[in-house]
Chemist: 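If you scroll down you'll find the structure; I have some questions about it.
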Amino acid sequence: MKIKNRQQFLVVLTIAALALLVSVNFIFSPLAGWWSARSQQIKELRTQVKDGNNLIKRETGIRSRWDGMRTNALPANTSLAEQQLLKAVDNWSRSSGVEVTSLMPQWKNESTNYLTLACRVETTGNLDTLSRFLYDLEKGPMALRLDSLELTARDKEGQQMTLSTEINGLALTMQEKK
């Protein structure tokens with residue numbers, strides 16, 4: 001091979017290698033990254049569409065559950081809500097046979113859409129009556145949540161017990177959009 005042809009061959013080979021290097025580093029790699037990001041975004045969008053379709057299918061059940069929660073929530077009027085909760089605790093204590101020894105309601109304003117009424121209730125009775133009180137509390141239609149529970153014995157045999165509970169009631173304050 002002649003020297004001139006060899007030089008031309010090496011120049012062409014160098015230019016081709018340089019073009020290959022530039023295309024791999026500055027064209028193909030960014031395109032591959034863009035393609036995988038785009039594929040991930042499409043996958044996420046498909047998942048969101050699937051979740052949305054599932055929500056649409058369950059709309060009636062969700063709406064009926066929300067309506068039940070709204071109707072069973074405490075009233076937005078704080079004094080009326082306290083009265084309703086205290087009346088419910090009184091009914092539960094009468095039906096179960098426990099004695100309410102302490103009742104301390106306290107309002108918490110954590111959001112513009114709702115208020116919570118935290119109520120510390122201490123009752124005394126035997127295991128059967130305290131169990132019935134908890135059952136009535138949990139099975140009632142009110143929007144209540146039992147946050148903490150402490151059970152202590154008042155005598156050596158464990159026949160008389162004290163039950164300390166913290167109950168949180170939900171009061172919705174948001175206006176319904178029609």
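All figures in this text were calculated on a predicted structure; none of them were measured in a lab. Any value given below was found using the heavy atoms of this structure, including those in side chains, with hydrogens, waters and symmetry copies removed.
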Chemist: Verify the distance criterion only: is there a donor paired with an acceptor across the side chains of D136 and S95 at less than 3.5 Å?
Modeler: yes
Chemist: Return the OG1 to CE distance between T129 and M161, rounded to the nearest 0.5 Å.
Modeler: 10.0 Å
Chemist: Salt-bridge test for D128 and R132: reply yes if a basic N is under 4.0 Å from a carboxylate O, no otherwise.
Modeler: no
Chemist: Quick one: do S148 and R120 satisfy side chain to side chain contact (heavy atoms under 4.5 Å, CB included)? Show the steps, please.
Modeler: CA-CA 9 Å; S148 68; R120 182 109 177 125; 3.9 Å; yes
Chemist: For residues 137-147, which residue pairs pass the side-chain hydrogen bond (donor to acceptor under 3.5 Å, both in side chains) check, not counting sequence neighbours?
Modeler: R145-D147, D147-N168
Chemist: Can you name the one residue among T165, V121, L144, L137 that meets side-chain contact (heavy atoms from CB on, under 4.5 Å) with V89?
Modeler: V121
Chemist: Just by modelled atom types, is the N113 backbone N or O under 3.5 Å from a matching donor or acceptor in the T173 side chain?
Modeler: yes
Chemist: Would you compute the distance between atom OG1 of T14 and atom CG of L10 and round it to the nearest 0.5 angstrom?
Modeler: 6.0 Å
Chemist: What's the verdict on side chain to side chain contact (heavy atoms under 4.5 Å, CB included) for L86 and L103, showing C-alpha distance, side-chain angles and the deciding distance?
Modeler: CA-CA 8 Å; L86 296 176; L103 198 62; 2.8 Å; yes
Chemist: Hey, what do you get for CG (L20) to CG (N25), rounding to the nearest 0.5 Å?
Modeler: 9.0 Å
Chemist: Which value, rounded to the nearest 0.5 Å, describes the distance between D51 atom CG and I56 atom CD1?
Modeler: 11.0 Å
Chemist: Atom CG in L130, atom OG in S93: separation rounded to 0.5 Å?
Modeler: 11.5 Å
Chemist: State whether R70 and D67 are salt-bridged, where the test is any N-O pair (Lys NZ or Arg NE/NH1/NH2 against Asp/Glu carboxylate O) under 4.0 Å.
Modeler: yes
Chemist: Would you compute the distance between atom CE of M104 and atom CD of E166 and round it to the nearest 0.5 angstrom?
Modeler: 9.0 Å
